[in-house]
Amino acid sequence: MGKPVVAIIGRPNVGKSTLFNRLTGGRTAVVADHPGVTRDRLYRDVEWNRCTFTLVDTGGLFLEDPEFGEHVRAQVQKAIEEADLIIFVVDGRVGPTTEEEEIARLLRREGKETVLAVNKVDHFKNSQVAYDFLALGLGEPVPISALHGLNVDELLDRVVALFPHAAYEDLEEGEGRRVAVVGRPNVGKSSLVNALLKEDRVIVSEVPGTTRDAIDTFLKKDDRTYIIVDTSGIRRRSRVAPGVERFSVIRSLKAINRADVVLFVLDATQGVVEQDKKIGGYLEEAGKGLIIIINKWDLIRKDGDEAKQYDLLIRSELDFLVYAPILYVSALTGKGVDRVLDVVDYVAAEREKRIGTGNLNNWLSEAVYLNPPPSSKGQELKIYYAVQAGVKPPVFVFFVNNPELVHFSYRRYLEHQLRKTYGFEGTPVRLVFRARRR
Ligand code: GDP
Ligand code: GDP
């Protein structure tokens with residue numbers, strides 16, 4: 001089923017973003033590598049009690065686009081419909097408001113799993129105020145202080161306890177490569193999916209996906225099988241309220257979580273915009289195979305080295321996705337589309353690749369020899385050996401004298417060398433440093 005998506009909802013100023021930061025802050029060291037991306041992150045993975053889920057701050061989502069301002073209610077409704085679980089945040093200093101009663105009614109009507117967090121309970125002696133919110137009919141409220149980090153462990157326990165058991169395991173759903181197609185509205189996602197389905201030698205069948213209204217499309221090309229996850233979310237058209245109905249961050253996150261490889265579609269005529277960077281930041285974190293698709297390439301006037309220029313633009317605007325191959329296609333004319341599935345296979349294989357320990361340590365000796373770690377705080381970093389501890393995405397553990405001596409730039413260097421030697425094209429790699437006495 002993929003990682004569950006948990007949405008934080010609530011009125012403005014109740015402390016949603018404070019809670020979001022509290023729950024995600026400092027938990028995933030990986031993203032700290034990309035300061036620009038982490039800044040106003042609205043969705044991030046949280047790990048608690050051996051369970052990983054994707055947390056979404058809907059408050060941020062709605063504010064993000066002023067055009068959405070008047071649609072706040074519709075967006076909350078959407079979050080309620082589409083998230084697997086809701087954290088409903090209220091302000092303990094202000095009793096339940098009529099607005100909150102309305103949201104609670106909606107939650108009950110949808111039968112949505114909800115944890116009610118009564119925030120701004122900064123002193124334990126005040127925790128009984130939480131009971132004022134029993135009236136919302138959403139079970140026992142959890143008093144917390146997002147600001148001071150009080151009782152948030154209890155909140156996380158409650159959240160994780162509500163997940164279906166499957167969330168604990170990375171279940172393989174069916175056979176074949178699972179492919180998600182993501183990107184902003186109008187970049188050409190549905191055109192691309194249609195172009196893929198219309199290719200020569202492609203046989204298509206649709207099956208219900210795991211979520212209520214998700215449709216996955218199976219396609220066979222030669223003897224290979226692919227599953228395009230949640231094609232209904234991509235292909236569905238709505239004439240009402242464009243923008244609101246058609247773009248769903250939550251839906252995209254769920255599709256990404258279920259995928260092996262993500263096709264991240266950009267519009268060649270628009271370059272990289274802020275929303276693309278946000279999606280890209282999440283993609284890096286999600287650990288999926290990734291291919292950047294520059295669509296509408298037919299609209300670009302070509303005098304020679306446009307693709308090269310464009311490569312440079314993408315590499316600088318999305319510098320945290322350096323590992324992703326870039327394909328130039330036109331979903332409209334079909335040009336370039338026939339290569340997409342081949343690259344999906346390639347990237348999926350890279351993401352599953354294992355390097356033997358002997359081989360890896362030969363590489364390590366050489367990398368360290370070529371560029372010894374600089375000493376820091378008067379101490380010298382020693383790297384003893386490395387192992388590949390996992391795949392999908394590849395994880396490398398380096399045993400060192402003191403992990404705190406690993407400078408950001410040296411980590412970069414090692415990753416760069418690793419990729420130079422072994423490729424791992426199209427997949428993020430994780431480098432972990434552990435202390436080891438020698
Ligand atoms: P949002 O609009 O729901 O995302 O709310 P914010 O997270 O921006 O918080 C609104 C205000 O409430 C900020 O000034 C926070 O510092 C404050 N706040 C958030 N959590 C707490 C808390 O647990 N205790 C107190 N006293 N203030 C809080
Ligand atoms: P989605 O919202 O991302 O699914 O985007 P659509 O597939 O609905 O495409 C949005 C618009 O862009 C439609 O008018 C398409 O006909 C057009 N479009 C999609 N792909 C291409 C392309 O490769 N070239 C050109 N010129 N137009 C395209």
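Start at 1 and go down the list; that is how both ligands and their atoms are numbered.
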Exercise. Side chains of Asp298 and Thr333: is there a donor and an acceptor less than 3.5 Å apart?
Worked result: no
Problem set entry | Distance-only N or O hit between ligand 2 and Leu299, under 3.5 Å | no
For this session: Would you check if the distance from the ring center of Trp297 to the ring center of Tyr310 is below 6.0 Å?
Result: yes
Exercise. Ligand 1 versus Asn119, non-hydrogen atoms closer than 4.0 Å: side chain, backbone, both, neither?
Worked result: side chain
Problem set entry | For Arg93, atoms of ligand 1 separated by under 4.0 Å from a heavy atom | 26 (N)
Seminar exercise, completed: The answer for which part of Leu332 has a heavy atom under 4.0 Å from ligand 2 is both
Exercise. In ligand 2, which numbered atoms sit nearer than 4.0 Å to a non-hydrogen atom of Asp298?
Worked result: 22 (C), 23 (O), 24 (N), 25 (C), 26 (N)
Exercise. Counting each atom of ligand 1 from 1 as listed, which ones have a heavy atom of Lys16 under 4.0 Å away?
Worked result: 1 (P), 2 (O), 3 (O), 4 (O), 5 (O), 7 (O)
Exercise. Looking only at non-hydrogen atoms, which of Lys189, Lys296, Arg184 approaches atom 18 (N) of ligand 2 most closely?
Worked result: Lys296
For this session: Examine distances only and state if a side-chain atom of Lys254 and a backbone atom of Pro4 form a donor-acceptor pair shorter than 3.5 Å.
Result: no
Problem set entry | Closest to atom 23 (O) of ligand 2 among Gly336, Ala195, Ala331, Ser191 (heavy-atom distance) | Ala331
For this session: Assess the side chains of Lys220 and Thr225: does a donor N or O sit below 3.5 Å from an acceptor N or O?
Result: yes
Problem set entry | Any N or O of Trp297 closer than 3.5 Å to N or O of ligand 2 | no
Exercise. Between Tyr410 and Arg412, does any side-chain donor sit less than 3.5 Å from a side-chain acceptor?
Worked result: no
Problem set entry | Check against side chain to side chain donor-acceptor pair (under 3.5 Å), Asn257 and Tyr282 | CA-CA 10 Å; Asn257 286 352; Tyr282 181 74; 2.7 Å; yes
Exercise. Does a salt bridge link Glu352 with Arg177, judged by any charged N lying under 4.0 Å from a carboxylate O?
Worked result: yes
Exercise. Within less than 4.0 angstrom of ligand 2, does Gly183 place any heavy atom?
Worked result: no
Exercise. Which residues satisfy the side chain to side chain donor-acceptor pair (under 3.5 Å) test with Arg11, sequence neighbours excluded?
Worked result: Glu100
For this session: Could you tell me which atoms of ligand 1, counted from 1 in the order shown, lie closer than 4.0 angstrom to a heavy atom of Pro12?
Result: 2 (O)
Exercise. Quick check: does Gly188 get an N/O under 3.5 Å from an N/O on ligand 2?
Worked result: yes
Exercise. Out of Ala146, Gly15, Ser145, whose heavy atom sits nearest atom 9 (O) of ligand 1?
Worked result: Gly15
For this session: Determine, stepwise, if the pair Asp122 / Ser145 fulfils side chain to side chain donor-acceptor pair (under 3.5 Å).
Result: CA-CA 5 Å; Asp122 297 342; Ser145 169; 2.8 Å; yes
For this session: Please determine, by modelled atom types, if Glu425 and Tyr323 share a side-chain donor-acceptor pair under 3.5 angstrom.
Result: no
Problem set entry | ligand 2-proximal atoms of Pro185, by part, heavy-atom distance under 4.0 Å | backbone
Problem set entry | Numbering as shown, the atoms of ligand 1 that approach Arg11 to under 4.0 Å (heavy-atom distance) | 3 (O)
For this session: Just jot down the ligand 1 atoms closer than 4.0 angstrom to any heavy atom of Val14, in number order.
Result: 3 (O), 5 (O)
Problem set entry | Test: Lys353 cationic atom under 6.0 Å from Phe424 six-membered ring centre, within 45° of axis | yes
For this session: Compare Asn186, Val337, Val181 and give the one whose heavy atom is closest to atom 10 (C) of ligand 2.
Result: Asn186
Exercise. Is the closest N or O pair between Leu147 and ligand 1 shorter than 3.5 Å?
Worked result: yes
